Every structure is written in C-alpha cells, then in structure tokens.
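A short worksheet on the structure shown next.
All heavy atoms count here, side chains included; hydrogens, waters and symmetry mates do not. As the structure is a computational prediction, the values presented were derived from the model and not from experiment.
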Amino acid sequence: MRPFLVRLLFATALAAVAAVPIAAQIVPVRTVPVASGDQFLLLPGQRLGMGGVELAVTDSLADPWSLPGRAVLVGGSAFLASPTMYGISRDGGAGRTLPLAAVFRGRAWAGGLAVALQQVDNGRSDQNIFIDPGWWIGPPPDRLRDLSNRNLYARAFLGRRLGRGPWSAGVAASVAGLDAMDGVDLLYAGATDIRQSGSLADVRVGLHRQGPRDRVDLTLVHNRVSMQHDVRYLEWVAVPEIDQPRLVSRLEVNEDQSRTWGGRVAWDRTLDAPGWRLGAAATVNRKTHPKIPNYEIQNIPRDPGETWAWDFGMGLSRASGPTLFAVDVVFQPIWSNTWQEADTAEVGAAGRPVPAGGRTIENDFFFTNVLLRAGFEYNAGAATAQVGLEARSYDYDLRQQDNLAGTVRDARESWMEWSPTVGAAYRFDDVELRYAGRVTTGTGQPGVALEPGAVARLEAAADFILAPSGPLTLQDARVVTHQISVRIPIR
C-alpha cells in the first residue's frame, strides 16, 4: 500500500498581504502544525492585541485593506509605518518587515497604498547526513543566500460612497514577489539546499451598507499562488566499476500552485441593551490545486486536488465607558480531495486497469476546525491597553484509497494552537504609537511515528527517510511576534 498522505495547504500564509483580518475571506486549510511564523502580518490593526476579534467590532486601520467596501470608513488621511519582527524557537527561523503606507479620505472617496520590504531568515535544523557507522558529513558552510531571503509586497485599496445613501463600494488588490515562505523548509526532510521563488496575487471587491443600527458587508475575492521549490538532495549511488557507492547531488523541482475564488457576507447590529453589539459572518472558498509539491513527509508526487471550505462565525461585544470586551466563535467545515495521476497505464493488484491520467490514489479529507477569540480593551484618555487570546482547534479525518493495491486506509489527526496577545497605544497631538505582540504555541516541526518507540523527525538524514506510515509527531516550537506601528495624521 502507498504511504499515508499528509497534506499541508498553506492557504493562511498564502492568502494576503495585510494583517490578521485578511483571513476572514480566505479559509485556511492545514493538515500539519508547521511553525510558519507571522510572515504575512504586515499592516497594523486596532484589534491585534485583543486576540484579533473582528465580528462585532470595527477596525478603521485594518478593515479597508481586506474589506474594500469599508474603504470610506478609514480613520482620516495619514502616513503609516509598522515594523514587524517575529522569531521561531529551536532555530526555526525569523523575519523582519518594514511596511510603509499612506491612506487618504475625502468627502466621497477614500484610498490607500502600501509597500513592504521583508527579510526572512532560514531555520537552522540539524542537516548532518549519516553515511556509515562512525562517518558523518556536516552541512556546508553558510552562504549569504542560505541565511536570508527578500520578499516584496504591494497593496492598494480604493472606495467610494454611492450617492447620498448608506451604500459604499470598493476594490482592493495586492501582489507579492517571494523568495521564501516560512515553514516550507521543514517539509523537505534531509534536503541540503532549498530555493523558493514565485508570486502571490489577490483581488477583491466589496459593498458596505452603513445603517443606523445595522451594518452589512459583501465581499468577493480571487487569490492566486504560484511558487517553485528547487530542492537539492545528496544520495548514494552504486558504482559497479569501482565496487563502491558514490555520493551524488540530485535536483528536484516542485511547483506549488493554488487558485481560490471566495465570497463573504457579514452583518452586525447594535442591540437595544446599552453598549452591546452582535455580529455574524459566512464565508465560502473554492480552491483548486493544479500543482502540489512532493513534500518528503508525504512522498506522493505532484498530485492535484480541490477544496471546498466554509467559515461560519458569530461575535458579541460590549462597550461600557472606557472598557471594551469582545468574543468570536467560528466553525470551519472543509472538504478536500487530492489524488495521484498515473503517468502510464497500470494494472492494479486485483487486475483492475488504471489508464494513463487515471487516479492511482484518492485522498478524501473532512475538517471540523473551531476558532475562539476573546479580547479586552481599556482606554484611559490618550492611552489604551489590550489583552486577548485566540485558540484554534484543527481536526480532520482522512480516507485514502489505493486503486492499484486495492486497499483503503483511514486516519485522524488533531491539534490545538494557542495565541495569547497584548497591545498598547498612546496618542500624542500629532502622532499615534501602537504596539501589538503575541506568542503562538502548539506548532513546530512535524514528523511521523514509525513504530512503538521509534520516531522519524523531519530533519533526519536523507539516507534514512522513511515514507510516513503512522500518526504525526511534533517537536514543539514557539512563534513570538512584535509589531510597532506609527500613525501620523495628515491635517
């Protein structure tokens, strides 16, 4: 039977160029808890320190970038800068980003433009390769290109009120040129060199209705990911002429492509009870995956796939004097199907023919993910303090059918990620300073259990990599993120 498929689809990381609220339109699909960092946390938000709550609160800093229908709600013309830094424990990598942005607001129009330069440092895992008892080959000396990579981002939005009524419309677009995405290196066990290159593109249009008590948002999004991974391995090859093996280098080129169409409707209402507000949202994504990399953890080459992902959430908030409290509850059912296609006609164990282009392996995933967010804010004149928590539960069932071997395999995996957050802001006469920080636990460097008492880790030597055939294991890692933002109003 073919090995157990473990799929990672980096929808979260691939979705956007703005801050956390961008994920509202792109539903993440993950099957391994890889510590991928906060690479795409770029622009500031007012609710980052509150656990990222969003369904029953507004965010005049972040909303216009991801919900273009709310563009006219931008909090006045201003220049923005938000240096962001994150680090992953166990030498898992780090990143530093400098985004610069400008937003403007007129009577009927509003818009913004942002650019960002980012440095992503590669993780340093144990890449020694076991050759023979008593023999080890260490990693080559660090080269400049191995230590860090550069990413470039650009994003813009433009919106307008529609007449004198309550409706407004907007459009937002983003592009990115990437030399690295965090977490990818953890999925190529034993590789001696990994080169990434590619681009992201995201376009969305939105409508917003601002009523006396009710607010409604409609958003459509199209997202495209096109990456290439050039992965080099060292392998032993037998040489009969000299009766000795020889260590040779092998280059493997993997493509990572996904296309997402999505829609989201959101509603919130100010309740009769003083200070209370109720919100709800529903999102649907259809993702196609023309090319999926041949990660070592799965060992099934370049199989395509498709996904239907849903997101249903409700939120509640209460503002009373200087305090604000908010909670979100989100449920995400996801159906995903991937498969391997035969290069040539084959005959299965039971004599069943599989034509060229037919499916030799079919993998059906069903996810029941749950997200909980809670945050508290206290305003004391010019100063604001925030604290929050986001908990994410991932759970999926997999049914794998091998049409050549005539076998079926069922598996289930689940894990939880926790992100406590803090935030603070201080408003001077001509500038606003803001800080947001969070620590994410529950992710790390995944592997698979081979048999009772034996575990294969992803940084193990290429010579001893076995196809995953058991439940996932995890080497815990923490992701620590700091963001400092400066907002200078244009008066």
Side-chain angles (χ1 to χ4, degrees), residues 8-23 26 28 34-45 48 62 65-66 80-88 91-102 112-124 142-157 172-188 191 193-203 223-231 253-258 260 293 436 440 443 479-485:
L8 171 66
L9 301 175
F10 280 107
T12 304
L14 306 179
V17 181
V20 169
I22 200 82
I26 304 294
V34 171
S36 56
D38 277 322
Q39 176 178 354
F40 294 89
L41 176 63
L42 302 182
L43 297 174
L48 296 180
W65 302 93
S66 59
L80 300 168
S82 52
T84 305
M85 298 147 284
Y86 69 87
I88 305 173
D91 292 326
R96 290 170 287 276
T97 312
L98 180 58
L100 300 175
L113 176 66
V115 295
L117 179 63
Q118 182 179 74
Q119 176 183 340
V120 175
D121 296 336
N122 296 329
R124 295 174 178 271
D142 288 331
R143 296 166 294 183
L144 179 59
R145 67 177 185 175
D146 295 328
L147 297 178
S148 63
N149 301 274
R150 187 193 73 170
N151 297 329
L152 292 172
Y153 304 86
R155 186 169 183 86
F157 72 86
S174 64
V175 294
L178 303 180
D179 290 337
M181 285 196 294
D182 260 328
V184 170
D185 55 320
L186 299 181
L187 299 179
Y188 289 107
D193 187 49
I194 302 174
R195 292 284 166 267
Q196 302 179 53
S197 60
S199 62
L200 311 180
D202 185 283
V203 177
N223 183 272
R224 301 176 68 88
V225 178
S226 300
M227 296 292 295
Q228 178 174 305
H229 307 156
D230 298 330
V231 187
V253 178
N254 288 310
E255 293 184 65
D256 184 3
Q257 299 178 9
S258 66
T260 301
T440 299
T443 62
V479 181
V480 181
T481 303
H482 304 280
Q483 183 186 74
I484 300 173
S485 62

Separation between [atom1] of [X] and [atom2] of [Y], rounded to the nearest 0.5 Å:
X	Y	atom1	atom2	value
Arg224	Asp202	CZ	CG	11.5 Å
Leu178	Phe40	CG	CZ	5.5 Å
Leu100	Leu43	CG	CG	10.0 Å
Arg96	Asp121	CZ	CG	4.5 Å

*Compare every heavy atom of Leu42 with every heavy atom of Pro99, then report the nearest pair and how far apart it is.*
CG-O, 3.4 Å
Under the rule for side-chain contact (heavy atoms from CB on, under 4.5 Å), what residues qualify as partners of [X], not counting sequence neighbours?
X	answer
Leu152	Leu117, Arg150
Thr260	Ile26, Asn223, Asn285, Lys287
Ala172	Pro68, Arg155, Phe157, Arg204

*Would a 4.5 Å heavy-atom cut-off, applied to side chains only, mark Arg195 and Asp193 as touching?*
yes
*Tyr86: ring pair (Phe, Tyr, Trp, His ring centres under 6.0 Å) partners, not counting sequence neighbours*: none
*side-chain hydrogen bond (donor to acceptor under 3.5 Å, both in side chains) with Thr84: which residues, sequence neighbours excluded?*
Gln483
*asked:* If the condition is side-chain hydrogen bond (donor to acceptor under 3.5 Å, both in side chains), which residues does Asn151 pass it with, not counting sequence neighbours?
replied: Gln118
_Side-chain (Gln196) to main-chain (Met181) donor-acceptor, under 3.5 angstrom_ = yes
*Picking from His229, Met227, Gln228, what satisfies side-chain contact (heavy atoms from CB on, under 4.5 Å) with Asn254?*
His229
